[in-house]
**Student:** 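Handing you this structure, nothing more for now.
Just so you know, these numbers use all the heavy atoms, side chains as well, and skip hydrogens, waters and symmetry mates. Per chain, numbering begins at 1; letters A, B, ... match sequence-line order.
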Amino acid sequence: AQSVTQLGSHVSVSEGALVLLRCNYSSSVPPYLFWYVQYPNQGLQLLLKYTTGATLVKGINGFEAEFKKSETSFHLTKPSAHMSDAAEYFCAVTSNTGNQFYFGTGTSLTVIP
Amino acid sequence: EPEVTQTPSHQVTQMGQEVILRCVPISNHLYFYWYRQILGQKVEFLVSFYNNEISEKSEIFDDQFSVERPDGSNFTLKIRSTKLEDSAMYFCASSNTGELFFGEGSRLTVL
């Protein structure tokens, strides 16, 4: 069975401050991990993904995430928040043996000017 | 860049009516999915489809729901008799190698 937990349904940061969105996963097989972003009234857009290889993955818009197996975590970070980063962020897990994605409950990011 | 397209973008229907939501997945993808997002809630898996049959479905996907790939391009979700609680955004997605590509969604409002 696989699942993800996103700690903090709402996160607020000041413009220019560090963004940290937390995601912990549970998986009985090696996971594939994803972060998706959803802007208001839009669909889900892939930010970044981890499948195999380098544990620090870089995505679009300056975001990156690090897969830490020992902590079962895949937290999303960005060094300096921009107003345009305000959106809903979803962590998701699947595996190379399954074709079902499991999404977290989402974290709404607010950027304060 | 190839993309998943969904129609309609918004549909309003009366309770008890049948609704068909349409999706055109990315052309060389083999796995197709429907997800649902009730306003303010998380994205929920409904069903996955591979090789012209359902490969997995969730508890939400009861007898009122069905999916079909009527031709080589379309992938449809039918809700036979809509209920108020079916009001949600429905997302179609397709994949080949472990990354889901989502459409913009179809917002269904049941009155």
**Student:** Can you check whether Tyr102(A) reaches Phe45(B) side chain to side chain, under 4.5 Å on heavy atoms?
**Tutor:**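 With C-beta onward as the side chain, the pair stays apart.
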**Student:** With sequence neighbours left out, what residues match Phe101(B) under ring pair (Phe, Tyr, Trp, His ring centres under 6.0 Å)?
**Tutor:**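 Expected list: His29(B).
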**Student:** Using non-hydrogen atoms and a 4.5 Å limit, figure out which bit of Gln45(A) sits close to chain B: side chain, backbone, both or neither.
**Tutor:**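 Neither; nothing under 4.5 Å.
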**Student:** Does NE2 in His10(B) sit with more than 12 non-hydrogen atoms of other residues, nucleotides or ligands closer than 6.0 Å?
**Tutor:**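 Yes, the 6.0 Å shell around NE2 holds more than 12 heavy atoms from other groups.
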**Student:** Give the interface residues of residues 103-113 of chain A toward chain B, defined by a heavy-atom separation under 4.5 Å.
**Tutor:**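 Only Phe103(A), Gly104(A), Thr105(A) of residues 103-113 of chain A have a heavy atom under 4.5 Å from chain B.
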**Student:** Using side-chain hydrogen bond (donor to acceptor under 3.5 Å, both in side chains) as the criterion, list what pairs up with Thr5(A), not counting sequence neighbours.
**Tutor:**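 If we apply the side-chain hydrogen bond (donor to acceptor under 3.5 Å, both in side chains) test to Thr5(A), skipping adjacent residues, there are no hits.
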**Student:** Between Glu44(B) and chain A, with a heavy-atom cut-off of 4.5 Å, which part of the residue counts as in contact: side chain, backbone, both or neither?
**Tutor:**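 Contact with chain A involves no heavy atom of Glu44(B) at all.
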**Student:** Among residues at least two apart in sequence or on other chains, which ones pass side-chain contact (heavy atoms from CB on, under 4.5 Å) with Ile54(B)?
**Tutor:**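 Ile54(B) satisfies side-chain contact (heavy atoms from CB on, under 4.5 Å) with Val47(B), Phe49(B), Lys57(B), Phe61(B), Val67(B) once adjacent residues are dropped.
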**Student:** Give, as side chain, backbone, both or neither, the part of Leu44(A) having an atom under 4.5 angstrom from any heavy atom of chain B.
**Tutor:**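 Both backbone and side chain.
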**Student:** Answer yes or no: is there a side-chain heavy-atom contact under 4.5 Å between Cys23(B) and Tyr90(B)?
**Tutor:**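 Cys23(B) vs Tyr90(B): side chains apart.
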**Student:** Tell me if the centroids of the rings in Phe102(B) and Tyr35(B) come within less than 6.0 Å of each other.
**Tutor:**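 Ring centroids of Phe102(B) and Tyr35(B) are less than 6.0 Å from each other.
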